Amino acid sequence: VGVTHRHAHDDSLQKVREWNMPYASVRDVDDKLCKAFGAQGPPEPYVLDPEGRIVALARGAIDAKFANQALAAAGVAARIDPNLQLGSSS
C-alpha cells in the first residue's frame, strides 16, 4: 500500500496512474499513519510485507531499482519499469 499525505489528492492519483504502481495507494489525511511510523518528511517510502513488517525504508526520493528490490522483499511479484523516473515531477 502506498500512502500519500502532503500532496493534493489529484496529483497523487496522477502519479499512481503514470507510474503504473502495482499496489494500492491511500491518503493519510490527518498524518496519523505517518506519525505512527515516525516519518520525518516526504518522500519517505516504507515498504511493508503482508504481515505488516517494514522490509524497506528510504529517506528521500527513490528509483525503480530501490522500488523493485523493496517489492521483492515484500513478496510482491509485480515490478516497476526500470526506465521510469520515479523522482520526477512530471
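The chain is numbered in sequence order, starting from 1. These numbers were taken from a predicted model, which means no experiment stands behind them.
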**Student:** Measuring only between side-chain heavy atoms, which start at C-beta, is V47 closer than 4.5 Å to I54?
**Tutor:**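 No, every pair of side-chain atoms sits at 4.5 Å or beyond.
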**Student:** For A78 and L71, work out which heavy atoms get closest and say how close.
**Tutor:**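 Minimum heavy-atom contact is O-CD1, 3.7 Å.
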**Student:** Quick check: closest heavy atoms across P50 and A74, and the distance to 0.1 Å?
**Tutor:**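 That would be CD-O, 3.3 Å.
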**Student:** Give the cluster check for I80 versus V76: same hydrophobic cluster or not, with ILVMFWY residues linked at side-chain heavy-atom distances below 4.5 Å.
**Tutor:**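 Linked within one cluster.
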**Student:** Is there a side-chain contact between V26 and D28 (heavy atoms, below 4.5 Å)?
**Tutor:**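 No, too far: nothing below the 4.5 Å cut-off.
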**Student:** Supply the atom-to-atom distance L33 CG to Y46 OH, rounded to the nearest 0.5 angstrom.
**Tutor:**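 The OH atom of Y46 is 9.5 Å from CG of L33, to the nearest 0.5 Å.
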**Student:** Could you tell me which non-hydrogen atom of A64 sits nearest to which non-hydrogen atom of P82, and how far apart they are?
**Tutor:**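 Heavy atoms only, the tightest pair is CB-CA, 3.6 Å.
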**Student:** Checking D49 side chain against G52 main chain: does a donor-acceptor pair fall under 3.5 Å?
**Tutor:**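 Side chain of D49 to backbone of G52: a pair is present.
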**Student:** Give a yes or no answer on whether the side chain of N68 reaches the backbone of R79 with a donor-acceptor pair at less than 3.5 Å.
**Tutor:**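 Side chain of N68 to backbone of R79, a donor-acceptor pair under 3.5 Å: no, none is there.
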**Student:** Contact between R53 and L48 at the side-chain level, heavy atoms closer than 4.5 Å - yes or no?
**Tutor:**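 No. Closest side-chain heavy atoms not under 4.5 Å.
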